[in-house]
*Asks:* 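Quick one: the structure is below, and I'll ask about it shortly.
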Amino acid sequence: MGINTVSLKGEGFIAHVETGDAITKGQLLLEFDIHRIEQAGLPVITPIIVPDGQELIQEVVEYEGEAVQGQTRVLQAVLHSEI
């Protein structure tokens with residue numbers, strides 16, 4: 001989360017999954033301390049990249065506003081209906 005936060009060396013982050021883990025809808029993946037990131041002078045903008053399967057995606061819908069864990073969508077990838 002954020003840009004260049006690797007410089008924090010994990011400080012302010014709690015991972016709840018590991019690379020390669022199977023995940024389920026609504027599962028908590030990561031917690032982060034937004035104030036720690038800001039205190040370090042780093043931007044809290046977080047790019048989301050879909051590197052594989054891009055040809056399957058028709059549209060990406062972004063939802064704005066405050067999110068509630070397990071209840072609020074923040075992003076939705078809409079797949080082509082013919083696939």
Side-chain angles (χ1 to χ4, degrees):
M1 302 291 132
I3 296 177
N4 294 326
T5 55
V6 69
S7 65
L8 296 175
K9 299 181 180 175
E11 184 180 328
F13 294 85
I14 301 170
H16 293 277
V17 293
E18 299 290 329
T19 300
D21 285 355
I23 59 171
T24 58
K25 179 180 176 179
Q27 180 179 351
L28 180 62
L29 306 178
L30 177 73
E31 291 181 83
F32 62 96
D33 183 345
I34 195 167
H35 300 295
R36 174 67 187 98
I37 295 169
E38 291 172 330
Q39 286 174 346
L42 300 170
V44 294
I45 295 169
T46 304
I48 298 175
I49 301 168
V50 181
D52 192 18
Q54 294 177 36
E55 67 280 356
L56 302 175
I57 298 174
Q58 175 182 351
E59 173 186 16
V60 176
V61 179
E62 300 174 43
Y63 298 90
E64 296 184 16
E66 191 169 327
V68 177
Q69 178 185 332
Q71 296 178 17
T72 310
R73 284 186 176 167
V74 293
L75 186 76
Q76 178 182 6
V78 180
L79 302 180
H80 287 283
S81 59
E82 69 269 10
I83 297 178

*Asks:* Ignoring hydrogens, what is the shortest heavy-atom contact between Ile37 and Pro43? Give both atom names and the distance.
*Replies:* CG2-O, 3.9 Å
*Asks:* If you group Ile, Leu, Val, Met, Phe, Trp and Tyr whenever their side-chain heavy atoms sit less than 4.5 Å apart, what else falls in with Leu28?
*Replies:* none
*Asks:* Give a yes or no on whether the backbone of Thr24 and the side-chain of Gln27 come within a donor-acceptor separation of less than 3.5 Å.
*Replies:* yes
*Asks:* Counting C-beta onward and ignoring hydrogens, is there a side-chain heavy-atom pair between Leu29 and His16 closer than 4.5 Å?
*Replies:* no
*Asks:* Decide yes or no for Ile14 and Leu30: does some side-chain heavy atom of the first lie under 4.5 Å from some side-chain heavy atom of the second?
*Replies:* no
*Asks:* Can you tell me how far CZ of Phe32 sits from OG1 of Thr46, rounded to the nearest 0.5 angstrom?
*Replies:* 5.5 Å
*Asks:* Please check if any side-chain donor atom of Arg73 sits under 3.5 Å from a side-chain acceptor atom of Gln76, or the reverse.
*Replies:* yes
*Asks:* For Glu38, which residues count as a side chain to side chain contact (heavy atoms under 4.5 Å, CB included) partner, sequence neighbours excluded?
*Replies:* Ile34, His35, Val44
*Asks:* What's in the same ILVMFWY side-chain cluster as Val78, cut-off under 4.5 Å, chained through other members?
*Replies:* Val61, Tyr63
*Asks:* Write down the atom of Ile57, the atom of His80, and the distance for their closest heavy-atom approach.
*Replies:* O-NE2, 3.4 Å
*Asks:* Does Pro47 reach the side chain of Ile3, with side-chain heavy atoms less than 4.5 Å apart?
*Replies:* yes
*Asks:* More than 12 heavy atoms of other residues, nucleotides or ligands under 6.0 Å from CG of Asp33: yes or no?
*Replies:* yes
*Asks:* With hydrophobic residues grouped by side-chain heavy-atom distances under 4.5 Å, do Val74 and Leu79 end up in a single group?
*Replies:* yes
*Asks:* Closest approach of Arg36 and Glu11, non-hydrogen atoms and distance?
*Replies:* NE-OE2, 2.7 Å
*Asks:* Considering all heavy atoms of both residues, which atom of Leu42 and which atom of Ser7 are nearest to each other, and what is their separation?
*Replies:* CD1-OG, 3.8 Å
